[in-house]
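Chain A is the first sequence line, chain B the second, and so forth, proteins listed ahead of strands; every chain is numbered from 1.
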Amino acid sequence: VYFLSFLKIPNLSYLEV
Amino acid sequence: ADLPNEIISQIFLVGTTDWRNTAPLTLPFPVIASSICYHWRQLARSNPVLWSFLVAPLHKEDEDCLYWISDWIGLSANLPLSVVVDDKLRRPRRSSEATNRLASEAVTLITQSWNRLRSLDISLDSFSLVKNQIIQLRHAPNLRQLSLCFRGPPFATIFIPEVDRPLPPSVTKLRAQNLALQSPCNLTSLTMHKPRLGYEGTQILFSGCPNLANLIIHNLVPVNSPIPAKRTEIRAESLQSLAI
């Protein structure tokens, strides 16, 4: 969450956490 | 003996591709093919494509291992080389130090063909014995894919000083374990194991690699670095796939 909190990823098509 | 050479060559090619894609640390298919009979041996050894993928046989005696690598590189003629050096192939009862030493000699031999290297995959206990050869890779103009995995002591990250800039811009696919590297600017795929990554590191990563499309992070270690009071979101325009 910390890592994702400051990222903006407009073209993301796949996410696995 | 009844089969036309074209058919035999096709069998060799399919078998080699299958070995390479499914079980590269097992007995190499070109070795099996060239062990059948004199005719097959001649045919296999005269086809460089079969030998353009090389797995260093670290389980052999030192001399045999190095001879194999030289012979293999020679058989691949002038084709681009893909190489794996993985100590999972270590010789039983050989010490870790001796395995690392042999692996280092193997990497030295391989990096002598630096201009032909397309892909290099190193997986070892220790980084120190291959550090110099890795720094030499900055001269490898055709290197596309690089995997540098060092198990090392847990939670220790080895930093290569930025000034060394060990990777050429041709590298588009990179995997690193226990190693902090200056990422090459044309990177499209990156896999990191146990990276220490905070706001600032992430900013450097995405501004330095504007084409990064695939990112895989194993065991992220968050860094408690100060986050700027007026921090802006880091835009990762190129990123399409992310796994943490």
Side-chain angles (χ1 to χ4, degrees), chain A, chain B residues 155 157 172-177 180-181 183 186-244:
Chain A
V1 171
Y2 167 77
F3 185 74
L4 292 173
S5 69
F6 49 68
L7 266 182
K8 189 158 179 75
I9 317 172
N11 297 313
L12 195 70
S13 58
Y14 176 83
L15 174 67
E16 183 185 320
V17 181
Chain B
F155 309 117
T157 302
T172 57
K173 205 170 171 188
L174 175 68
R175 177 171 62 179
Q177 179 176 350
L181 289 160
S183 296
N186 293 319
L187 216 56
T188 57
S189 293
L190 175 64
T191 302
M192 296 188 279
H193 296 257
K194 292 194 291 180
R196 291 168 186 275
L197 211 52
Y199 179 81
E200 206 176 298
T202 308
Q203 207 168 32
I204 292 170
L205 176 67
F206 285 104
S207 61
C209 305
N211 302 319
L212 189 62
N214 306 296
L215 177 62
I216 300 173
I217 303 175
H218 296 275
N219 300 328
L220 173 68
V221 184
V223 177
N224 290 326
S225 61
I227 296 175
K230 282 189 181 173
R231 71 168 192 204
T232 48
E233 280 177 324
I234 299 166
R235 279 186 75 86
E237 296 278 353
S238 58
L239 200 61
Q240 291 167 18
S241 157
L242 171 65
I244 308 177

Considering all heavy atoms of both residues, which atom of B/A236 and which atom of A/P10 are nearest to each other, and what is their separation?
->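 That would be O-CD, 3.9 Å.
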
Atom of A/L12, atom of B/S241 and distance for their closest heavy-atom approach =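 Closest approach of A/L12 to B/S241: CD1-N, 3.9 Å.
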
Examine distances only and state if a side-chain atom of A/N11 and a backbone atom of B/Q240 form a donor-acceptor pair shorter than 3.5 Å.
->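 Side chain of A/N11 to backbone of B/Q240: no pair is present.
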
Measure the spacing between CZ of B/R235 and CD1 of A/I9 and express it to the nearest 0.5 Å.
->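 If we round to the nearest 0.5 Å, B/R235:CZ and A/I9:CD1 are 11.0 Å apart.
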
Interatomic spacing from CG in B/L242 to CG in A/L4 - rounded to 0.5 Å |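 Separation between the atoms: 6.0 Å.
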
Measure distances from B/I216 to the heavy atoms of chain A and classify the residue's part below 4.5 Å as side chain, backbone, both or neither.
->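 For B/I216, there is no contact with chain A at all, as no heavy atom is under 4.5 Å.
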
Side chain, backbone, both or neither: which part of B/L220 has a heavy atom under 4.5 Å from chain A?
->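 Only the side chain of B/L220 comes within 4.5 Å of chain A.
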
What residues, two or more places apart in sequence or in another chain, satisfy side-chain contact (heavy atoms from CB on, under 4.5 Å) together with A/E16?
->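 Testing A/E16 for side-chain contact (heavy atoms from CB on, under 4.5 Å), a comparison that skips the adjacent residues, returns A/Y14, B/A243.
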
Quick one: side chain to side chain donor-acceptor pair (under 3.5 Å) partners of B/S183, sequence neighbours excluded?
->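 Side chain to side chain donor-acceptor pair (under 3.5 Å) list for B/S183, sorted by chain: empty.
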
